[in-house]
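All chains are named by letter (A, B, ...) in the order of the sequence lines, taking the proteins before the strands, and each is independently numbered beginning at 1.
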Protein chains: 2
Amino acid sequence: MDLSQHIRERGLKATPSRISVMKVLESDHRAYAHADLETIFSTMDRVTLYRVLNDFEETGLVHKVIDMDGVTRFAYCKHSCPDTHHADEHVHFNCQVCRKMFCLENMPAPSFNIPKGFKAMGQNVLVFGLCKSCSAA
Amino acid sequence: MDLSQHIRERGLKATPSRISVMKVLESDHRAYAHADLETIFSTMDRVTLYRVLNDFEETGLVHKVIDMDGVTRFAYCKHSCPDTHHADEHVHFNCQVCRKMFCLENMPAPSFNIPKGFKAMGQNVLVFGLCKSCSAA
DNA sequence: ACTTAAATACAACAATGTTGCGTTTAAATT
DNA sequence: AATTTAAACGCAACATTGTTGTATTTAAGT
Ligand SMILES: [Mn+2]
Ligand SMILES: [Mn+2]
Ligand SMILES: [Zn+2]
Ligand SMILES: [Zn+2]
């Protein structure tokens, strides 16, 4: 799989920053916070990193999810989403101990029977608790 | 219903700040952000307001929920929760237009069959879309 | 009325995220 | 291979949300 090509297919230039961020996101389908990636890429400008992540999200390469601390995280879209909306609405798991967030890709988010008058457009389902390594320890 | 008494029952002093914040939260079971309440109570010190809300949450008078913007919101607990954990896990609705958040109190959050190894301790279910007044307009 | 632990007000700080703008570069064109 | 240019980057400045420390004030029990 050619990451540069994957990025260019969405109309974005395949720059070094984008390629290296995408390499991390693509290799491990966890939702990464800006701070996580800033640690990994200590030399990358922080505004550039924000813009890389937002551009990826807007073009459907990654999806955005808010974690239990209110921090925005980004995760690779297994099957790139149409640029109109994100089609991969699955449950996310957030570990209370290590704070890592996992995409439960084969657990689709259910739909809910919302009271009359409300119009549901989507949902964020977040389960929190202990991840595998933290519940073992 | 005596708000001062309700506050004191949880071991907190019934101060003017706490009574007026509780009056708003109790009168309308929506989840309010700090910024909302700062607007309503323009003279209240912002740190005091943060501490009022956190104290309410820690004593089970209100519950905390993160909205679609990652901002923490607080809503009245219809039946005060035990101080060990919050027992009122229901679905929340967040309007994309007016950003208001509503407690769907008679819609309990479902439980999910999380993969082996993970230990679920709770969940945040957030549905977003258009609220009644915004879908009418 | 007195006492005191709890709460408040104010300042300082931290983390997350955005905007504006001059400079650099990916990649299309010649 | 050189040229062109819109896109992306780097840096500074700013905004919002939230926390911590501490001196002063106050709710509520005695
Ligand atoms: Mn995901
Ligand atoms: Mn609620
Ligand atoms: Zn963990
Ligand atoms: Zn609305």
Side-chain angles (χ1 to χ4, degrees), chain A residues 2-23 31-59 61-75 83 94 99 101, chain B residues 2-23 31-59 61-75 83 94 99 101:
Chain A
D2 184 358
L3 293 181
S4 298
Q5 186 57 22
H6 193 220
I7 291 166
R8 274 191 290 260
E9 273 167 3
R10 292 278 151 168
L12 301 176
K13 288 188 185 175
T15 64
S17 309
R18 284 176 176 161
I19 295 166
S20 44
V21 170
M22 182 54 77
K23 199 177 295 183
Y32 285 85
H34 178 272
D36 299 330
L37 295 162
E38 218 184 357
T39 301
I40 297 172
F41 303 109
S42 50
T43 64
M44 196 178 296
D45 181 79
R46 53 189 297 281
V47 175
T48 297
L49 182 49
Y50 275 116
R51 296 207 254 233
V52 163
L53 293 169
N54 285 330
D55 291 345
F56 281 175
E57 200 269 339
E58 282 164 16
T59 55
L61 288 169
V62 306
H63 55 282
K64 176 163 43 175
V65 55
I66 308 276
D67 72 13
M68 56 189 296
D69 300 311
V71 175
T72 302
R73 289 175 174 266
F74 297 89
D83 46 2
N94 209 168
R99 310 318 265 188
M101 181 178 270
Chain B
D2 183 359
L3 293 182
S4 298
Q5 187 57 23
H6 191 220
I7 290 166
R8 274 191 289 261
E9 272 166 3
R10 291 279 151 167
L12 300 176
K13 288 187 184 176
T15 64
S17 309
R18 283 176 177 163
I19 294 167
S20 45
V21 170
M22 181 55 75
K23 199 176 296 183
Y32 284 85
H34 177 273
D36 300 330
L37 294 163
E38 218 184 358
T39 301
I40 297 173
F41 304 109
S42 49
T43 64
M44 195 178 297
D45 181 80
R46 52 189 298 281
V47 176
T48 297
L49 182 50
Y50 275 115
R51 296 208 252 232
V52 163
L53 292 169
N54 285 331
D55 292 344
F56 281 176
E57 201 269 339
E58 282 164 16
T59 54
L61 288 168
V62 305
H63 55 280
K64 174 159 51 170
V65 55
I66 308 278
D67 72 15
M68 56 190 296
D69 300 310
V71 175
T72 302
R73 289 175 174 267
F74 297 89
D83 47 2
N94 209 167
R99 309 320 265 189
M101 179 177 270

K.L.:
Which atoms form the tightest heavy-atom contact between B:Asp36 and B:Arg73, and what is the distance?
P.N.:
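Reported closest heavy-atom pair: OD2-NH1, 3.2 Å.
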K.L.:
Where do B:Val47 and B:Asp45 come nearest, in terms of heavy atoms and distance?
P.N.:
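In terms of heavy atoms, the two residues are closest at N-OD2, 3.0 Å.
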K.L.:
Tell me: CZ of B:Arg10 to P of D:dA27, nearest whole Å?
P.N.:
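Those two atoms, CZ and P, are 23 Å apart.
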K.L.:
Would you mind classifying the nucleic acid contact of B:Ala33 as base, sugar-phosphate or nothing, using non-hydrogen atoms under 4.0 angstrom?
P.N.:
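It contacts nothing in the nucleic acid.
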K.L.:
Which atom pair, heavy atoms only, marks the closest approach of B:Ala33 to B:Val71?
P.N.:
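Nearest heavy atoms, B:Ala33 then B:Val71: CB-CG1, 3.9 Å.
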K.L.:
Under 4.0 Å between a side-chain N or O of B:Thr72 and OP1 or OP2 of D:dG18?
P.N.:
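Answer is yes, contact under 4.0 Å.
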K.L.:
How long is the span from the NE2 atom in A:His6 to the CZ atom in A:Arg18, to the nearest 0.5 Å?
P.N.:
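Reported value, rounded in 0.5 Å steps: 13.5 Å.
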K.L.:
In whole angstrom, give the distance that lies between atom CG of B:Asp36 and atom C1' of D:dT16.
P.N.:
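Interatomic distance, CG of B:Asp36 to C1' of D:dT16: 14 Å.
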K.L.:
Please pick, from D:dG21, C:dG17, D:dC11, the nucleotide with the shortest atom-to-atom distance to any side-chain atom of A:Val47.
P.N.:
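It is D:dC11.
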K.L.:
What's the OH-P distance between A:Tyr32 and C:dG17, to the nearest Å?
P.N.:
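Value for this atom pair: 17 Å.
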K.L.:
Among C:dA7, C:dT25, D:dG18, which nucleotide sits nearest the side chain of B:Tyr50?
P.N.:
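So the nucleotide nearest the side chain must be D:dG18.
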K.L.:
Taking only side-chain nitrogens and oxygens of A:Thr15, does any of them come within less than 4.0 Å of OP1 or OP2 of D:dC9?
P.N.:
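Indeed, a polar side-chain atom of A:Thr15 lies that close.
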K.L.:
Please give, in whole Å, the distance from D:dA28 C1' to B:Ile7 CD1?
P.N.:
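Roughly 14 Å, once rounded to whole Å.
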K.L.:
Measure from CG on B:Leu12 to P on C:dT8 and round the result to the nearest Å.
P.N.:
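Atom CG in B:Leu12 sits about 10 Å away from atom P in C:dT8.
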K.L.:
For a quick check, tell me whether the side chain of A:Arg51 and the base of D:dG10 share a donor-acceptor pair closer than 3.5 Å.
P.N.:
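Checked by distance alone, the answer is yes.
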K.L.:
From CD1 of A:Ile19 over to C1' of C:dA27, roughly how many Å is that when rounded to an integer?
P.N.:
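It works out to 13 Å between those atoms.
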K.L.:
Answer with base, sugar-phosphate or nothing: what part of the nucleic acid does B:Arg18 contact at a heavy-atom distance below 4.0 Å?
P.N.:
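Sugar-phosphate contact only.
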K.L.:
Out of D:dT26, C:dA26, D:dG18, which nucleotide sits closest to the side chain of B:His34?
P.N.:
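Selected nucleotide: D:dG18.
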K.L.:
Do the side-chain N or O atoms of B:Asn54 get closer than 4.0 angstrom to the phosphate oxygens (OP1, OP2) of D:dG18?
P.N.:
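For B:Asn54, the contact criterion (side-chain N or O under 4.0 Å from OP1 or OP2 of D:dG18) is not met.
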K.L.:
Is there a side-chain polar atom (N or O) of B:Ser17 under 4.0 Å from OP1 or OP2 of C:dT8?
P.N.:
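For C:dT8, OP1 or OP2 has a side-chain N or O of B:Ser17 closer than 4.0 Å.
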K.L.:
Taking donor-acceptor contacts at under 3.5 Å, does the side chain of B:Arg8 reach the base of D:dG29?
P.N.:
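No.
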K.L.:
Locate the shortest heavy-atom distance separating B:Ile7 from B:Leu61; write the atom from each residue and the value.
P.N.:
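Reported closest heavy-atom pair: CA-CD1, 4.3 Å.
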K.L.:
Give a yes/no on whether any side-chain N or O of A:Thr48 is located under 4.0 angstrom from OP1 or OP2 of D:dG10.
P.N.:
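Looking at the OP1 and OP2 atoms of D:dG10, one of them is under 4.0 Å from a side-chain N or O of A:Thr48.
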K.L.:
Select from B:Ser4 and B:Val71 the residue whose nearest nucleotide in DNA chain D is closer to the 5' end of that strand.
P.N.:
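By nearest-heavy-atom nucleotide position, the 5'-most residue is B:Val71.
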